[in-house]
Amino acid sequence: MLKDQLQLDFSHLLSKSPLLKEQTISQGVVGLAEPKMAEHGDFASNAAMVLAKSLGTNPRELASTIADIWKTHPDVNTIEVAGPGFINIRLNPSAITNQIYEILTRSHQFGNQKKTTARKLHVEFVSVNPNGPITIGSGRGAAFGDTLCRILRAAGDEVFAEYYINDALNSEQMRLFALSVQAHMKREAGIKAELPENGYRGDYVLAVSHELAKKISHDADLQTIQEEVQKEMIRQQRESLEAFRVHFDNWFSEQSLHAGGKVAEAIEKLKKNGHADSEPYSWETTRQGKDNVTTQTSQEPGPLWFRSQKLGDEKDRVLVRSDGRPAYIAGDLAYMQDKLGDRHFDQSLLILGPDHHGYIGRMDAVTRALGFEADRFRIIIYQLVRFLKEGQLAPMRKRDGNIYELKDLYKEIGVDAARFFYIMRSHDTPLDFDIDLALKLGDDNPVFYVQYAHARICSVLAKAEEEGIGKPLWNPSFADLLHDPKELNLVKRICDLPEVVSRCAEDFQVQRVATYAAELARAFHLFYDSCRVVQKDQPELSSARVCLVEAARIGLANALNLVGVSAPQRMHREQLVP
RNA sequence: GCGGCUGUAGCUCAGUGGAUAGAGCGCCUCCCUCCGGAGGAGGAGGCCGGGGGUUCGAAUCCCUUCAGCCGCGCCA
């Protein structure tokens, strides 16, 4: 927006100057930034300090030379050199307020960018095993992943969100889950049945067993039970995620890779590339105290090894177990080939929880072994969520029956608060989710602060309608009517959105959108406190301010939409009390 | 041991190599004849974990060290 245009204009002006002709002047060299202190102007440039060295001049002298050049720009009001060589620029207020026109015009598209070459991105997230409901732990991945998808789309990329269903029939975990369910079904039918060792317990297992007993007999073969119970768990997961406003373009079945022969194909490709073999030896890794000790044994026949260590992994991996069943990584291999090879995604992003660090090395090896450039695949790890209830650390394990489901969380505090809380902190930071605090938050809740600003604007707009101001179109003559520092600050804050979006798309730090929303809400509240919008005796000013306030509403609504939080017309206090 | 992440106000955390370090909560004052007070103004509270380096300039980049959390299966 304004800043980009100025940087472009300024670099153009500089490149015409004989003094600086030798230098390559790009937008980056101009380096406009918004100073923290208002007295330093609307924008400051450090160009003189950056260029001084290569030109062999004094930064302050150079700064005043540059300042003289930029002073010719029509939007510049005053320009001065300060400190070690900063160039502080104050713009004509109308240059700032005229931005309102563009914001109003772009409306719900405001903040979205167009890229000359949109990347085709694949984003996989959540993908929990179909052996339990979505927990509050995976909820972070759901909120983060969905938000990231929305932001990447806004930044101009083509995004395909996919859920990878771990439904392989040869999965040990799923076999154990099916066995556990079968045992519960038998018990319910009054038949004595032992739960397998490390079997699944807990209310949800009983519930799903009960549900399944209505459809099939406990005598059914294990594969049928596994298929049916998976179907039911996935249905429940999907329901929870939809209600949490988390959308997937596709639910991808791991089993389809096995059944369709894609796993076998990928394994063959690896063998051909020389990255897999079944040398008749194998290693055994045992744990001695704190250390892993690897000893070479010579068992025959050995498994098929993926020689991932040569590709940067910490050790080789078993690709096909000694008994001929493919290991989990074989599915990953086929899936990668499917995404980057068959479906031609430019890049594949995989969002994983904190218990998957070990994944990075082997997946990078998988990418390389298949012959893809390493940077076409990227894992993003989010850190642990801990969940506190009544001051206690609440367990989330799936086998002790005491899980906290994502569903329960958003039923308690609402989807808006839950989503906002999940993404308002960097995914790199561990998150303590105190449910009691979240419940009593009410007034202090940052999401309400932002939503309240939006609702307040809607009230103002309704008031304007009542007073006959309606929804005026932006008139350039309004630009000069808005000159209060709070008004100018509000416009500048709104204008930050496009840059926030691009930066988030670069480094995945999506909490910046939440920070933006809170800052914009603050700028609005500050404005609201000192500038009355609807004033009968000043129709022109009122119209101008209505435009400004509508622009602020657009900024808030679009930011909230990016993080999957609603932008309400009004807030009801009674909604806070369940 | 190896690897990942984190260390910023009493607490929870923001922070684009830039000038005097930011918010919320909590604590202490104050502001509604008024478009929603779920708001606003002010106060107290900081060797940005320690040390070195790069730079005109470092909370931010590099190295090192300390502390905390997490991960390292022919499980997925």
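Lettering of chains follows the sequences in order, A, B, ..., and the numbering in each one begins at 1.
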Could you tell me whether [X] contacts a base, only the sugar-phosphate backbone, or nothing, with contacts defined as non-hydrogen atoms closer than 4.0 Å?
X      : answer
A:R522 : sugar-phosphate
A:S530 : nothing
A:L526 : sugar-phosphate
A:R545 : nothing
A:T515 : sugar-phosphate
A:P59  : nothing
A:C504 : nothing
A:Q511 : sugar-phosphate
A:E519 : nothing

Given RNA chain B, 5'-ward residue of the pair A:I381 and A:K53, judged by closest heavy atom: A:I381
Upstream residue (5' side of RNA chain B) when A:L431 and A:V533 are each assigned their closest nucleotide: A:L431
Please determine whether a side-chain nitrogen or oxygen atom of [X] lies at a distance below 4.0 Å from atom OP1 or OP2 of [N].
X      : N      : result
A:R456 : B:rG40 : no
A:T429 : B:rA14 : yes
A:Y449 : B:rG40 : yes
A:Q509 : B:rA14 : no

Nearest-angstrom distance, [atom1] atom, [N] to [M]:
N      : M      : atom1 : result
B:rA58 : B:rU65 : P     : 24 Å
B:rC11 : B:rG46 : P     : 12 Å
B:rC61 : B:rG15 : C1'   : 16 Å
B:rG49 : B:rA14 : P     : 14 Å
B:rC47 : B:rG36 : P     : 44 Å
B:rC5  : B:rG43 : P     : 39 Å
B:rG24 : B:rU20 : P     : 23 Å
B:rU54 : B:rA59 : P     : 16 Å

Whole angstrom is fine here: how far is it from [atom1] in [X] over to [atom2] in [N]?
X      : N      : atom1 : atom2 : result
A:R553 : B:rC35 : CZ    : P     : 21 Å
A:R362 : B:rC2  : CZ    : C1'   : 14 Å
A:F420 : B:rU12 : CZ    : P     : 19 Å
A:L169 : B:rA76 : CG    : C1'   : 15 Å
A:F421 : B:rA14 : CZ    : P     : 13 Å
A:D529 : B:rA41 : CG    : P     : 7 Å
A:Y359 : B:rG4  : OH    : P     : 19 Å
A:I380 : B:rG71 : CD1   : P     : 21 Å

[X] side chain, from C-beta outward: closest of [options]:
X      : options                : answer
A:H357 : B:rC13, B:rC70, B:rC75 : B:rC70
A:Q173 : B:rA38, B:rG71, B:rC75 : B:rC75
A:R321 : B:rU6, B:rC74, B:rA14  : B:rC74
A:Y452 : B:rG36, B:rC69, B:rA76 : B:rG36

N/O donor-acceptor pair, side chain A:Q383 with base B:rC5, under 3.5 angstrom: no
base_contact_polar (B:rC74 base, A:S322 side chain, donor-acceptor, <3.5 Å): yes
[X] and [Y]: side chain donor to acceptor below 3.5 Å:
X      : Y      : value
A:Y516 : A:D496 : no
A:R456 : A:H525 : yes
A:Q509 : A:S426 : yes
A:E162 : A:Y335 : yes
A:D428 : A:Y382 : no

Ring pair (Phe, Tyr, Trp, His ring centres under 6.0 Å) partners for A:H258, two or more places apart: none
Qualifying residues under ring pair (Phe, Tyr, Trp, His ring centres under 6.0 Å), relative to A:Y528, sequence neighbours excluded: A:F524
A:Q383 vs A:T429, side-chain hydrogen bond (donor to acceptor under 3.5 Å, both in side chains): CA-CA, chis, key distance, verdict: CA-CA 6 Å; A:Q383 294 300 311; A:T429 311; over 6 Å; no
Is there a Watson-Crick or G-U wobble partner for [N] with both distances under 3.5 Å, and which nucleotide is it?
N      : value
B:rA38 : none
B:rC69 : B:rG4
B:rG22 : B:rC13

Rounded distance [0.5 Å steps], CZ in A:R545 versus CG in A:L541: 4.0 Å
Least distance between heavy atoms, A:L520 atom then A:L556 atom: CD2-N, 3.6 Å
Closest non-hydrogen atom pair between A:H454 and A:A557, with its separation: NE2-CB, 3.9 Å
Under 4.0 Å protein heavy-atom contact, by nucleotide of nucleotides 16-22 of chain B - B base, S sugar-phosphate only: B-BBB-S
